[in-house]
Protein chains: 2
Amino acid sequence: MKHIADSTVRRLSLYLRFLEEFQAKGLATISSTELAARGGTTSAQVRKDLSFFGSFGKRGLGYSVPELERRLRRILGLEREWRVIIIGMGKIGAALAGYAGFHQRGFRIVGLYDADPAKVGKRIDGHVVRAASDLAREAHKEGADIAVLTVPASAAQQAADAAVKAGVRALMNFAPVPLTLPANVALKNVNMAMELEGLAFALTNPG
Amino acid sequence: MKHIADSTVRRLSLYLRFLEEFQAKGLATISSTELAARGGTTSAQVRKDLSFFGSFGKRGLGYSVPELERRLRRILGLEREWRVIIIGMGKIGAALAGYAGFHQRGFRIVGLYDADPAKVGKRIDGHVVRAASDLAREAHKEGADIAVLTVPASAAQQAADAAVKAGVRALMNFAPVPLTLPANVALKNVNMAMELEGLAFALTNPG
DNA sequence: TTATGTGAACGCATTCACAGCC
DNA sequence: GGCTGTGAATGCGTTCACATAA
């Protein structure tokens, strides 16, 4: 398949959210213009985004809400369940363990890990925290697909390596360090402080 | 000033992190090539990013680490302290209240808010949680610059409006809804579930 | 008439390549 | 010689505009 831009994938996620709302309202069809208005983009953008994956609409009418929703689910890979582990049970990690937004989207937490013996064995949101040293073995057994890294920067690369060894093929990294990974492992960096810095920049350089 | 791309600002934040590391190692100068290697980009990209703001380097030599660090701080608006409030003391909000990464960067928490009376009055990381209904008055008094929104989707727009009324000029929104704001208010949306969906897409459509 | 699907045009971020300076 | 700074070239995502279909 043609390469799809990151920005396109983000918008597809957005469209899916809006479609769920429209679905809940009982609307049967929706036009690219309506979807665009809801998502702060343009109708041409919506049509172009969808056209990468096929022709789902009816000319003169628009898109069938339930059908487009189903198509987007399939495109985004949300028709199956994804098994997620979280490594690092600090505040952010523990908060994510109980984040409802994950579960709603078919992401299932199958393991929580921490290197601190004081935390190992404790229960967080119904999961027993396991020792980081058991990660490779346990996570492999659980068939983990995705790992969320909420460990200190100094431990991030090691944790990532262990996750990869356990068969994880995608990482969401909250640690503020660049990770080195095999080419076939997907990576998404999230950095709260950097987001705030973006806002500080916007406030400092208005316009 | 010329318009600066979002992606450029992100990289500037990255460069600053790396400069701090180099500074800690006692290195006096650094080349665009070294900075690029550390940040997963190219030397031309580094030089172009910096050139938007002036000429900080020495031909044949590179950049002075402490000077470039200072310059980046100024560019990003990190020479002053920013006053931050967090609205919504659910798990994510409470976790962010204690996130060290904010404080290290000069972001100071000046208020925590929640609509739930059961939470109001409680202490979280040294701050007393205040009633959301007092937001406009209190936040104004505290001179809040930035608000972090960690409320349910249904409450997000209302909370955003109250924050703006209190004089906040930048919002970091964790709620999965598009916000409508005055043009002069900066906005950054963060959505964990959407990030995970991006990984699911990458796993489903490899290459 | 209405709204999709898409090639073409556009604009902007990235990369190239080299002149200029240390 | 080494590395910056920057116009020029490139590549790519977005927007335009219209042929096409309901």
Side-chain angles (χ1 to χ4, degrees), chain A residues 1-15 18-19 22 27-72 75 198 201-202 205 207, chain B residues 1-15 18-19 22 27-72 75 198 201-202 205 207:
Chain A
M1 186 203 305
K2 198 178 172 313
H3 175 256
I4 303 297
D6 244 44
S7 48
T8 298
V9 179
R10 294 191 96 83
R11 283 192 299 270
L12 293 177
S13 289
L14 267 184
Y15 302 156
F18 300 149
L19 283 170
F22 285 113
L27 299 176
T29 64
I30 186 170
S31 67
S32 58
T33 307
E34 293 170 287
L35 257 180
R38 197 77 182 69
T41 178
T42 67
S43 63
Q45 181 77 78
V46 171
R47 296 199 298 278
K48 183 67 92 179
D49 287 338
L50 297 178
S51 75
F52 292 133
F53 303 94
S55 303
F56 310 137
K58 284 203 180 17
R59 291 171 197 246
L61 187 62
Y63 301 87
S64 150
V65 171
E67 189 198 327
L68 186 53
E69 194 185 322
R70 189 155 18 86
R71 298 285 199 136
L72 284 179
I75 291 166
F201 177 84
N205 312 60
Chain B
M1 188 201 304
K2 201 177 169 315
H3 175 256
I4 303 298
D6 244 44
S7 49
T8 299
V9 178
R10 293 191 97 83
R11 284 193 299 270
L12 293 177
S13 288
L14 267 184
Y15 302 156
F18 301 148
L19 283 170
F22 285 113
L27 299 176
T29 62
I30 186 170
S31 69
S32 58
T33 307
E34 295 170 286
L35 257 180
R38 197 78 182 69
T41 180
T42 67
S43 62
Q45 181 76 78
V46 171
R47 295 198 299 278
K48 183 66 93 180
D49 287 340
L50 298 177
S51 76
F52 292 133
F53 304 94
S55 304
F56 311 137
K58 284 203 180 15
R59 291 170 197 248
L61 187 62
Y63 301 87
S64 152
V65 171
E67 188 197 329
L68 186 54
E69 195 185 323
R70 189 155 18 86
R71 296 286 199 136
L72 284 180
I75 291 166
F201 177 84
N205 313 59

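A, B, ... follow the sequence lines: proteins, then strands. Residue 1 opens every chain.
Residue B/Thr41 is classed as having no contact, given no heavy-atom separation below 4.0 Å to the nucleic acid. Among the atoms of the strands shown, none is found under 4.0 Å from any heavy atom of B/Thr33. B/Ser7 comes within 4.0 angstrom of the backbone, heavy atoms only, and of no base.
Residue-to-nucleotide proximity on DNA chain D shows that, of A/Thr8 and B/Ser51, the 5′-proximal contact is made by B/Ser51. Along DNA chain D, the nucleotide closest to A/Lys2 and the one closest to B/Gly60 are compared, and the more 5′ of them pairs with B/Gly60.
One interatomic measurement links the two molecules: CD1 of B/Ile30 to C1' of D/dC3, which rounds to 13 Å at whole-angstrom precision. Here C/dT6 presents its P atom at 11 Å from CZ of A/Phe56, a figure rounded to the nearest Å. Between the P atom of C/dG5 and the CZ atom of A/Arg71 lies a distance of 10 Å, rounded to the nearest Å. Atom CZ in B/Arg47 sits roughly 15 Å away from atom P in C/dA19 (whole-Å rounding). Counting to the nearest Å, the C1' atom of C/dA3 and the CG atom of A/Leu68 are 14 Å from each other. Atom CZ in A/Phe52 sits roughly 12 Å away from atom C1' in C/dG5 (whole-Å rounding). At whole-Å resolution of the value, CZ in B/Phe53 and P in D/dG5 are 14 Å apart. In this structure, B/Arg59 atom CZ and C/dA17 atom C1' are separated by 14 Å, rounded to whole Å.
B/Gln45 contributes no side-chain N or O that, together with a main-chain N or O of B/Thr42, makes up a donor-acceptor pair within less than 3.5 Å. Of the possible polar contacts, none joining the B/Glu67 side chain to the B/Ser64 backbone as a donor-acceptor pair under 3.5 Å is found.
Nearest to the side chain of A/Tyr63, among C/dG5, C/dT15, C/dG20, sits C/dG5. Between C/dT15, D/dT6, C/dA13, one nucleotide has an atom nearer to the side chain of B/Ala5 than all others, and that is C/dA13. Distance from the side chain of B/Ala44 is smallest to C/dC16 among D/dG5, C/dT14, C/dC16. Of the candidate nucleotides C/dT4, C/dA13, D/dT4, C/dT4 has the atom nearest to the side chain of A/Ser31. Comparing C/dA13, D/dT15, C/dC22 against the side chain of B/His3 picks out C/dA13 as the nearest. Set against C/dC16, D/dT4, D/dT15, the side chain of A/Lys48 has D/dT15 as its closest nucleotide.
A 4.5 Å side-chain heavy-atom check between A/Leu12 and A/Leu50 finds at least one atom pair inside the cut-off. Side-chain contact check for A/Arg11 versus A/Thr8: some heavy-atom pair is nearer than 4.5 Å. In this structure the side chain of B/Phe201 reaches within 4.5 angstrom of the side chain of A/Ile4, judged on heavy atoms.
Neither OP1 nor OP2 of D/dC3 sits under 4.0 Å from any side-chain N or O of B/Ser32. Applying the 4.0 Å criterion to OP1 and OP2 of D/dT15, one finds that A/Thr42 has a side-chain N or O inside that range. Contact between the side-chain N/O atoms of B/Gln45 and the OP1/OP2 oxygens of C/dA13 is not found at any separation under 4.0 Å.
For CZ of A/Arg38, the number of neighbouring non-hydrogen atoms (other residues, nucleotides, ligands) closer than 6.0 Å is greater than 12.
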